[in-house]
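Encoded as structure tokens, the structure appears first; notes follow it.
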Amino acid sequence: DERTALILQADYRDRDYDAGFSAAFPEPRADQRFLAEARVERRMSQRLTAFAAGGYLDNESNIAVRDYGGATFKAGFRVTL
């Protein structure tokens with residue numbers, strides 16, 4: 001029905017940071033991030049929307065503690081003021 005929406009999205013970002021990451025990792029950081037997500041939204045009222053989403057995130061980095069990936073899930077409400 002018109003109150004329900006299915007949204008599919010993908011996002012890719014290639015980031016290069018100029019400064020060193022930290023004192024422990026003084027080299028500049030470079031990340032390549034990919035996110036794919038499916039989201040369902042349901043308008044509850046004129047100002048309130050409920051949502052749930054699931055997807056996959058892959059963040060490749062030359063800094064080991066910032067190199068990660070896996071499934072993502074979220075749910076919540078959005079209020080329009």
Can you list every pair that meets salt bridge (Lys or Arg N to Asp or Glu O under 4.0 Å) and has a residue in [range], with sequence neighbours left out?
range          : result
residues 71-81 : E37-K74, E41-R78
residues 4-16  : D11-R13, D11-R33
residues 45-67 : none

Who else is in [X]'s hydrophobic cluster (ILVMFWY, side-chain heavy atoms under 4.5 Å, direct or via others)?
X   : answer
Y56 : none
Y12 : F34
Y68 : L35, L57

Kindly indicate whether the side chain of I63, heavy atoms from C-beta on, has any atom under 4.5 Å from the side chain of E27.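 The answer is yes, as the side chains (C-beta and beyond) meet within the 4.5 Å cut-off.
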
Test side-chain contact (heavy atoms from CB on, under 4.5 Å) applied to A50 - qualifying residues, sequence neighbours left out: M44, F77

Among residues at least two apart in sequence or on other chains, which ones pass salt bridge (charged side-chain N to carboxylate O under 4.0 Å, His left out) with D1?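 D1: salt bridge (charged side-chain N to carboxylate O under 4.0 Å, His left out) contacts with R3, R42.
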
Using the test side chain to side chain donor-acceptor pair (under 3.5 Å), find all partners of T49 that sit at least two apart in sequence or belong to another chain.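 Partners of T49 under the side chain to side chain donor-acceptor pair (under 3.5 Å) test: none.
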
Minimum heavy-atom distance between A30 and N62, given as atom pair plus value: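 Shortest heavy-atom contact: N-OD1, 2.8 Å.
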
Side-chain donor or acceptor of D31 paired with backbone N/O of S61 under 3.5 Å: no

